[in-house]
Protein chains: 2
Amino acid sequence: MKPVSQLAEPWGSLPGRLRARGLRWTAQREAVVRVLASADGHLTGAEIVDRCRAIDRLTIPSTVYRTLDALEALGLVRHAHGADGREEYHVRPGGEHGHRYCANCGRHWDIDPDSPAGASIVGAFAAEGFVVDLSHVTVVGRCDDCD
Amino acid sequence: MKPVSQLAEPWGSLPGRLRARGLRWTAQREAVVRVLASADGHLTGAEIVDRCRAIDRLTIPSTVYRTLDALEALGLVRHAHGADGREEYHVRPGGEHGHRYCANCGRHWDIDPDSPAGASIVGAFAAEGFVVDLSHVTVVGRCDDCD
DNA sequence: ATTAATGCAAACGGTTTGCACTACT
DNA sequence: AGTAGTGCAAACCGTTTGCATTAAT
């Protein structure tokens, strides 16, 4: 398995950056980082816990959540709330984007800030003096396949 | 206290409409209906439980949630998920609308379908073949006061 | 040696369930 | 009498906490 140092940024340099802040690099954090690095999109907290458990059966949820808190403090992940109300972590390299869910089939898509829809949301609210945090935007409806 | 029959529609006629479906009108349901009728906007499940408890100290959560299920089946409320991930019930007469939350001050506003922002959300996704259910839309960001 | 991070267990909050009982129709 | 609805208690799920222990620095 590829060593962490060879993962794409911002993951490869993470151990060093943690240590630079007086924080520590541990096996448990490595597992979380591998999960995040291979996802590069969005995952619920529970999904991250599950995938870590696939790496190490003994993974403890609280350790995962504490690691996610630490990574969020470094700006490597952000968390929002999905359509089902669970914590949802956005992995940084995926860029800031919202989510669109089909209430019928459950599929979901990203809302990219550069897409027409994403831009029009941001723009429409900007006109009202409101700065939208697209990573917290969740839109639910029916996709064309389900209509 | 005003009898339920004198509440504004759709509440006033509710007992009869429940019975017409073979369902029943109970003191507990009356409490839930009074809470909803005096709210006419959106409430979390937990808020509804609390307000019912203010009417009847002995209110049981499961009864409230079961009543909300029944009312949802009649189309009197809809539920979505707020920024904090809790169940959020929209009371029908308020019309279908989304929610806009300020991540900083916690205030929230409705997104009206007729407002420029509401219309642009619905319109932008319609262009992608996606029918937005505005009552499930949650937008988080920073309001102009907090910027 | 210092102290960040872990494992564990327990609690949290909001919601849901099963089941015997109550009470509306 | 029939059965929808209730109260209760217990479980649920995802997440968070306190605390003694371990281990990275």
Side-chain angles (χ1 to χ4, degrees), chain A residues 3-5 14-33 35 42-53 55-74 76-89 138, chain B residues 4-5 14-33 35 42-53 55-74 76-89:
Chain A
V4 171
S5 61
L14 183 56
R17 280 188 295 141
L18 282 172
R19 287 191 265 254
R21 295 196 171 211
L23 304 179
R24 294 168 188 180
W25 181 246
T26 66
Q28 293 82 349
R29 291 188 168 181
E30 180 176 337
V32 173
V33 163
V35 167
H42 29 77
L43 295 162
T44 64
E47 275 170 351
I48 298 170
V49 170
D50 287 346
R51 296 192 189 187
C52 284
R53 238 194 281 270
I55 295 174
D56 173 0
R57 190 73 51 77
L58 302 174
T59 299
I60 265 57
S62 57
T63 298
V64 173
Y65 286 106
R66 283 188 282 227
T67 294
L68 289 169
D69 285 349
L71 295 179
E72 190 157 21
L74 297 196
L76 295 180
V77 299
R78 295 186 54 110
H79 78 285
H81 298 273
D84 54 357
R86 298 178 180 177
E87 295 286 342
E88 184 152 283
Y89 287 87
T138 301
Chain B
V4 170
S5 61
L14 183 57
R17 280 188 294 142
L18 282 171
R19 292 190 189 102
R21 296 196 171 208
L23 305 178
R24 295 170 188 178
W25 180 245
T26 66
Q28 294 81 350
R29 289 187 170 184
E30 181 178 335
V32 172
V33 163
V35 167
H42 28 74
L43 295 164
T44 63
E47 276 170 350
I48 297 169
V49 170
D50 286 346
R51 297 192 188 188
C52 285
R53 238 194 280 269
I55 294 174
D56 174 0
R57 191 71 53 77
L58 302 174
T59 298
I60 265 58
S62 57
T63 298
V64 173
Y65 285 107
R66 283 188 283 226
T67 294
L68 289 169
D69 285 349
L71 296 180
E72 190 157 20
L74 298 196
L76 295 181
V77 299
R78 296 186 54 112
H79 78 285
H81 297 274
D84 55 356
R86 299 180 179 173
E87 297 287 341
E88 185 152 283
Y89 287 86

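Every chain is numbered from 1, with letters handed out A, B, ... down the list of sequences.
Summarising the geometry of A:R29 relative to A:A70, their closest heavy-atom pair is NH2-CB, 4.2 Å, with the distance given to 0.1 Å. Between A:P61 and A:R53, the shortest heavy-atom contact is CG-NH2, 4.2 Å. The minimum heavy-atom distance between A:V77 and A:L68, with the atom names listed, is CG2-O, 3.9 Å. In plain terms, the two heavy atoms of A:C52 and A:T59 that are nearest each other are O-OG1, 3.2 Å.
Between the C1' atom of D:dT6 and the CG atom of B:L58 lies a distance of 12 Å, rounded to the nearest Å. The distance from atom NE2 of A:H79 to atom P of D:dG14 is 16 Å, rounded to the nearest whole Å. Between A:I48 atom CD1 and D:dT16 atom C1' the separation is 16 Å, expressed in whole Å. Distance B:L43 CG to C:dG14 P: 14 Å, rounded to the nearest Å. Across the protein-nucleic acid pair, A:E72 atom CD and D:dT16 atom P stand 10 Å apart, rounded to whole Å. A:R53 has its CZ atom 12 Å from the P atom of D:dC13, to the nearest Å. When rounded to the nearest whole Å, the span between CD1 of A:I60 and P of D:dG18 equals 19 Å.
When each of B:V33, B:L23, B:V4 is checked for a side-chain contact (heavy atoms from CB on, under 4.5 Å) with B:L14, only B:V33 meets the rule.
Counting heavy atoms from C-beta outward, A:V32 and A:T63 have side chains that stay 4.5 Å or more apart. Considering only heavy atoms from C-beta on, A:E72 comes within 4.5 Å of A:Y89 through its side chain.
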Report each atom pair, protein N/O against N/O of nucleotides 16-19 of chain C, whose distance is under 3.5 angstrom.
unit_1 : atom_1 : unit_2 : atom_2 : d
C:dG18 : O6     : B:R66  : NH1    : 3.3

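With sequence neighbours excluded, no residue forms a side-chain hydrogen bond (donor to acceptor under 3.5 Å, both in side chains) with B:R24.
Less than 4.0 Å separates DNA chain D from at least one heavy atom of each of the following residues of residues 16-30 of chain A: A:R19, A:R24, A:W25.
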